[in-house]
Amino acid sequence: MHPRDDSPSADEALGRAAGLLRAAERVAVLTGAGISAESGLPTFRGAGGLWEGHRVEDVATPMAFARDPSLVWRFYNMRRAALGTVQPNPGHHALVRLEERLGEGRFTLITQNVDGLHRAAGSRRVLELHGNLRRVRCTRCPAALDRGLEELGELPRCDQCGELLRPDIVWFHEMLPQDVWMAAGRAVGTCQCLLVVGTSANVYPAAGLVRLGRDYHAKVIEVNLERTPASDHADETLLGPSGEVLPRLVQALASGGR
Ligand code: BV8
């Protein structure tokens, strides 16, 4: 486990970050796999992460699905099954409290994660850039539906037209859902504070939201175990596990009034 940074300078940075949140009329949050790590879900690039288990080219691309749909469904069914064993962690719950404190219209949570843990924790304004493991869609007709965590089998077929179903996930080389992407851009372009949590800031266009926030003069706070390319754009970088840092950050915001 990564130790929390309890140095006086870390506490000062946390206090400054709480001040940036307090001064913001609107807040946007961008999360990545790191916020779900303390729930027990492996990250993509961490030691033992998902990508290490499977080569990207083998599972998360439309070419892979065309080449070997059974393998891709085995990979996603494994991840769907894992969702049945995990719960939101204190980091997810801290973001729910932050949304409740700011109120409707002043908070947008943008996630790269497909695990659904933000909504499970109670977050309401959630933009899922890369889809959701619980949803599937047909490869031929418009059918798309939430199948929860039910067993789907190795090559699930559409009840409407009989064609192969696919996970409702944005794969590499695929466009993000236009409406979701536009809403994310609007939220980041109009916020005064952007909180970036648990992402290696490697994957585009999602990672580009950090620079966009900067360009629109938002203050940027990063929460991560280590520095990332997003750190170059951050006003404050809080190093430590998000499940510990986020509750302290929201507590500092609350104890500072307003
Ligand atoms: C597009 C769904 C354009 C899948 C995902 C070469 C070839 C192909 C494409 C590209 C290429 N070069 C660039 C591209 C574009 C590509 C891309 O960005 N590739 C990267 C790898 C370079 N992007 C795309 O393909 C996108 N589409 O560009 O389309 C286009 C244009 C025209 C026409 C058609 C298309 C689509 C990208 C979406 C891919 N799908 N997810 C699935 O989940 O199975 S992305 C995948 O990576 C996940 O969603 C994940 O969220 C995301 C990013 O990873 P992170 O979330 O950041 O996770 P990671 O493990 O990397 O980092 C975890 C971080 O947490 C670390 O920093 C760690 O320190 C920290 N951490 C760990 N524990 C904690 C913690 N922090 C705090 N507390 C802790 N406890």
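Note that these values count all heavy atoms, side chains included, but never hydrogens, waters or copies made by symmetry. By convention here, the first residue in the shown sequence is residue 1. Start at 1 and go down the list; that is how both ligands and their atoms are numbered. This structure is a prediction, so every number in the text was calculated from the model and none was measured.
Interatomic distance, Cys193 SG to Phe107 CZ, rounded to the nearest 0.5 Å: 11.0 Å. From Ile169, atom CD1 reaches atom CZ of Arg135 across 8.0 Å, with rounding to the nearest 0.5 Å. Note: Asn132 CG to Arg80 CZ = 9.5 Å, rounded to the nearest 0.5 Å.
Aromatic ring orientation, Trp171 versus Tyr76: tilted (interplanar angle from 30° to 60°).
There is a side-chain donor-acceptor pair under 3.5 Å between Thr31 and Thr111.
Counting the atoms of ligand 1 from 1 in the order shown, those under 4.0 Å from a heavy atom of Gly32 are 56 (O). Under a 4.0 Å criterion applied to the non-hydrogen atoms of Glu226, ligand 1 contributes the atoms 69 (O). Applying the 4.0 Å criterion to heavy atoms of Gly198 picks out, from ligand 1, the atoms 63 (C), 64 (C), 65 (O), 76 (N). Of all atoms in ligand 1, listed by their number and element, those nearer than 4.0 Å to a heavy atom of Ser242 are 77 (C), 78 (N), 79 (C). Short contacts between ligand 1 and Glu38, defined as distances under 4.0 Å to a heavy atom of the residue, involve ligand atoms 78 (N), 79 (C), 80 (N). Of all the atoms in ligand 1, the ones that sit under 4.0 Å from a non-hydrogen atom of His173 are 7 (C), 8 (C), 24 (C), 25 (O), 34 (C), 35 (C). In the vicinity of Ala33, heavy-atom distances shorter than 4.0 Å reach the ligand 1 atoms 55 (P), 56 (O), 58 (O). Within the listing of ligand 1, atoms 73 (N) sit less than 4.0 angstrom from a heavy atom of Ala37.
With a 4.0 Å heavy-atom cut-off, ligand 1 is reached by the backbone of Asn202 but not by any atom from C-beta on. With a 4.0 Å heavy-atom cut-off, ligand 1 is reached by the backbone of Thr43 and by its side chain too.
In terms of polar-atom proximity, defined here as any N/O pair under 3.5 Å, Ile169 makes no such contact with ligand 1. Of the N or O atoms in Thr228, none lie within a sub-3.5 Å distance of an N or O in ligand 1. Between Pro241 and ligand 1, no N or O atom pair is found at a separation short of 3.5 Å. Checked by distance only, ligand 1 and Tyr204 come closer than 3.5 Å through their nitrogen or oxygen atoms.
By the 4.0 Å N-to-carboxylate-O rule, Arg248 lies close enough to Asp11 to be salt-bridged with it.
None of Ile110, Leu30, Leu109, Val29 except one satisfies the side-chain contact (heavy atoms from CB on, under 4.5 Å) rule with Leu127; the exception is Ile110.
When the side chains of ILVMFWY residues are joined at heavy-atom separations under 4.5 Å, either directly or via intervening members, Val188 and Leu21 end up in two distinct hydrophobic clusters.
Residue pairs satisfying the ring-ring contact (aromatic ring centres under 6.0 Å, His included) criterion with at least one member in residues 125-150, sequence neighbours excluded, are absent. Sorted pairs that involve residues 199-219 and meet ring-ring contact (aromatic ring centres under 6.0 Å, His included), not counting sequence neighbours, are lacking altogether.
Of the candidates Leu246, Asn224, Leu225, Asn224 brings a heavy atom nearest to atom 69 (O) of ligand 1. Comparing heavy-atom distances from atom 45 (S) of ligand 1 across Glu128, Gln112, His130 singles out His130 as nearest.
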